Asks: 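Dropping the structure in here first, questions after.
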Amino acid sequence: MTHPIFLDDPYCADAPGRVVAHTAEGGIVLDRSIFYPTGGGQPGDSGHVNWAGGGLDVATTVKGDADAIVLVPAAPLALPPVGIQLQQVLDWPRRHRLMRMHTGLHLLSVVIPLPVSGGAIAEARSRLDFDMPEAPEDPDALEAALNALVDADLPVTEDWITGAELDANPELVKTMSVAPPRGAGRIRLVQIGDGPAFVDRQPCGGTHVARTGEIGQMRIGKIEKKGRQNRRVYLHLDN
């Protein structure tokens, strides 16, 4: 099992770790990881690791067996030996753009309050698929509402509930096709806003910015029909 530092501190971009295993495919498993593994529509992190006598670039990060997080080298170089201490360094500009975009997609699900049937996060353009038989009448109004939530600079916080609590509150789940992660019998909730300024609370295992103002201005792009009941809405970061 790898301890996911990114859940405790998504802003941690440089941290030590110890190699606990290699995978048959040539990946590296650490005891603790700042690298987020691909999941929930969010790509795995990239960066590099350094140790005494060596170093290599990390192309991406994936989930392994038994809650292991696997760093995938960018090239087939010599791996750090099992047991050695090394230093992990994120490609922070890329991670931060993904954090901004992921939080922006949560806001998109607020201004379009319909069930989500799919999604994908990228650095500059992301998307959500909605159970939406008809296209929105006024995309400009949706975009204005979205950026108003950004400008409000709302806090983004997390909490944890049990599986039983989630089952008792099914309205928290917006995704139709992906079940929330239930690691260790509990579910992580990401909340945007609080008190009278509360706007959203939903299960999520991804990384997010601390306040919506950090996202920057967003733009709603193409809205595509992807089926009788489905519309794909693209979201862009403009800076």
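Note that the coordinates shown come from a computational prediction; the quantities given were computed from them, not determined experimentally. Below, all heavy atoms of this structure are taken into account, side chains as well, without hydrogens, waters or symmetry copies. Residues: numbered from 1 along the sequence shown.
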Asks: Mind checking ring pair (Phe, Tyr, Trp, His ring centres under 6.0 Å) for Tyr11 and listing every partner two or more places apart, or none if nothing turns up?
Replies: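 Per chain and number, Tyr11 pairs via ring pair (Phe, Tyr, Trp, His ring centres under 6.0 Å) with Trp92.
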
Asks: Ignoring hydrogens, what is the shortest heavy-atom contact between Leu142 and Pro136? Give both atom names and the distance.
Replies: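 Reported closest heavy-atom pair: CD1-CB, 3.7 Å.
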
Asks: Quick one: side-chain hydrogen bond (donor to acceptor under 3.5 Å, both in side chains) partners of His22, sequence neighbours excluded?
Replies: none

Asks: Under 4.0 Å between a side-chain nitrogen and a carboxylate oxygen: does that hold for Glu214 and Arg100?
Replies: no

Asks: If you round to the nearest 0.5 Å, how far is CG of Leu79 from CG of Leu56?
Replies: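 With rounding to 0.5 Å, CG (Leu56) is 6.5 Å from CG (Leu79).
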
Asks: Going by the rule side-chain hydrogen bond (donor to acceptor under 3.5 Å, both in side chains), which residues pair with Arg211 if we only count those two or more places apart in sequence or in a different chain?
Replies: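 Scan of Arg211 (side-chain hydrogen bond (donor to acceptor under 3.5 Å, both in side chains), adjacent residues dropped) gives Asp153.
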
Asks: Which other residues belong to the hydrophobic cluster containing Val62, where Ile, Leu, Val, Met, Phe, Trp and Tyr are joined when side-chain heavy atoms lie under 4.5 Å apart, directly or via other members?
Replies: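 Direct or chained contacts put Val62 with Val20, Val29, Val70, Val72.
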
Asks: Determine which pairs satisfy side-chain hydrogen bond (donor to acceptor under 3.5 Å, both in side chains) with at least one residue from residues 80-89, sequence neighbours left out, and list them in order.
Replies: Asp14-Gln87

Asks: Using 0.5 Å steps for rounding, measure from the CD1 atom of Ile161 to the CZ atom of Arg201.
Replies: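 CZ of Arg201 is found 6.0 Å from CD1 of Ile161.
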
Asks: For Asp159, look at atom CG and say whether over 12 heavy atoms of other residues, nucleotides or ligands are found less than 6.0 Å away.
Replies: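 Buried by this count: over 12 neighbours within 6.0 Å.
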
Asks: Measure across Met218 and Gly104 and return the closest heavy-atom pair with its distance rounded to 0.1 Å.
Replies: SD-CA, 3.6 Å

Asks: Could you check whether any side-chain heavy atom of Arg95 comes within less than 4.5 Å of a side-chain heavy atom of Phe35, counting everything from C-beta outward?
Replies: no

Asks: Restricting to salt bridge (charged side-chain N to carboxylate O under 4.0 Å, His left out), what partner residues turn up for Arg232, sequence neighbours left out?
Replies: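 Checked Arg232 against salt bridge (charged side-chain N to carboxylate O under 4.0 Å, His left out); matches are Asp129.
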
Asks: Under the side-chain hydrogen bond (donor to acceptor under 3.5 Å, both in side chains) test, which residues partner Arg18, sequence neighbours left out?
Replies: none

Asks: Hey, could you give me each pair passing side-chain hydrogen bond (donor to acceptor under 3.5 Å, both in side chains) that has a residue in residues 140-152? Not counting sequence neighbours.
Replies: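 Sorted result for residues 140-152: Asp151-Gln217.
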
Asks: Listed by chain and number, what are the salt bridge (charged side-chain N to carboxylate O under 4.0 Å, His left out) partners of Glu158, not counting sequence neighbours?
Replies: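 For Glu158 the salt bridge (charged side-chain N to carboxylate O under 4.0 Å, His left out) partners, ignoring immediate neighbours, are Arg188.
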
Asks: Are the side chains of Gln229 and Ser117 in contact, using a 4.5 Å heavy-atom criterion?
Replies: no

Asks: Report the hydrophobic cluster partners of Phe198, with the cluster defined as I, L, V, M, F, W, Y residues connected by side-chain heavy atoms closer than 4.5 angstrom, directly or transitively.
Replies: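 Members besides Phe198: none; it forms no cluster.
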
Asks: Run the side chain to side chain contact (heavy atoms under 4.5 Å, CB included) check on Leu146 and Ile220 step by step: do they pass?
Replies: CA-CA 9 Å; Leu146 191 64; Ile220 292 179; 4.2 Å; yes

Asks: Arg127 and Gly118: which non-hydrogen atoms are nearest, and at how many Å?
Replies: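 That closest heavy-atom pairing would be NH1-C, 4.2 Å.
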
Asks: Quick check: is Ile223 connected to Leu108 through a chain of hydrophobic side chains (ILVMFWY, heavy atoms under 4.5 Å apart)?
Replies: yes

Asks: Quick check: closest heavy atoms across Ile28 and Pro80, and the distance to 0.1 Å?
Replies: CD1-CD, 3.7 Å

Asks: Are any non-hydrogen side-chain atoms of Ser46 and Thr60 less than 4.5 angstrom apart?
Replies: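 They are not in side-chain contact.
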
Asks: Go through the structure and list residues passing ring pair (Phe, Tyr, Trp, His ring centres under 6.0 Å) with His48, not counting sequence neighbours.
Replies: none

Asks: Please determine whether side chain to side chain contact (heavy atoms under 4.5 Å, CB included) holds for the pair Lys225 and Arg231, giving the CA-CA distance in whole Å, both sets of side-chain angles, and the decisive distance to 0.1 Å.
Replies: CA-CA 5 Å; Lys225 184 175 182 178; Arg231 292 291 188 284; 3.4 Å; yes

Asks: Return the CZ to CD1 distance between Arg97 and Ile121, rounded to the nearest 0.5 Å.
Replies: 14.5 Å

Asks: Which distance, rounded to the nearest 0.5 Å, do you find between the SG of Cys12 and the CD1 of Ile5?
Replies: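 Cys12 SG to Ile5 CD1: 5.5 Å, rounded to 0.5 Å.
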
Asks: Once you round to the nearest 0.5 Å, how far does OG1 of Thr212 lie from NE2 of His106?
Replies: 13.0 Å

Asks: Roughly how far, to the nearest 0.5 Å, is CD1 of Ile69 from CG of Leu71?
Replies: 8.5 Å

Asks: Please check if the side chain of Thr207 supplies one atom and the backbone of Pro10 the other of a donor-acceptor pair under 3.5 Å.
Replies: no

Asks: Side chains of Leu235 and Leu128, heavy atoms from C-beta outward: is any pair under 4.5 Å?
Replies: no

Asks: Between Thr38 (side chain only) and Thr61 (backbone N and O only), is there a donor and an acceptor less than 3.5 Å apart?
Replies: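 Pair found, side chain donor or acceptor close to backbone of Thr61.
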
Asks: Pick from Val116, Asn230, Ile112: which one makes a side chain to side chain contact (heavy atoms under 4.5 Å, CB included) with Met132?
Replies: Ile112

Asks: Is Glu123 reaching over with its side chain to a backbone N or O of Arg125, donor-acceptor style, under 3.5 angstrom?
Replies: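 A pair under 3.5 Å: no.
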
Asks: Side-chain contact test, heavy atoms from C-beta onward, threshold under 4.5 Å: evaluate it for Leu149 versus Ile192 and give yes or no.
Replies: no

Asks: Checking Thr2 side chain against Leu30 main chain: does a donor-acceptor pair fall under 3.5 Å?
Replies: yes

Asks: Has Asp45 got a side-chain atom pairing as donor or acceptor with Tyr36's backbone, closer than 3.5 angstrom?
Replies: yes

Asks: Looking at every non-hydrogen atom in both residues, tell me the closest pair between Thr103 and Val209 and how far apart they are.
Replies: OG1-N, 3.3 Å

Asks: Give the minimum heavy-atom separation between Cys204 and His102, together with the two atoms involved.
Replies: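 The answer is SG-NE2, 3.4 Å.
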
Asks: Checking Asp200 against Leu107 for the side chain to side chain contact (heavy atoms under 4.5 Å, CB included) test, could you report, in this order, the C-alpha distance in whole Å, the side-chain angles of both residues, the deciding distance, and whether it holds?
Replies: CA-CA 8 Å; Asp200 189 50; Leu107 294 181; 6.0 Å; no

Asks: Would you say Val89 ends up clustered with Val49 if hydrophobic residues are merged whenever their side chains have heavy atoms under 4.5 Å apart, either directly or through other cluster members?
Replies: no

Asks: Answer with yes or no whether the hydrophobic clustering places Trp160 together with Met1; edges join I, L, V, M, F, W, Y residues whose side-chain heavy atoms lie under 4.5 Å apart.
Replies: no

Asks: How would you list, by chain and number, every residue that makes a side-chain hydrogen bond (donor to acceptor under 3.5 Å, both in side chains) with Asp9, sequence neighbours excluded?
Replies: none

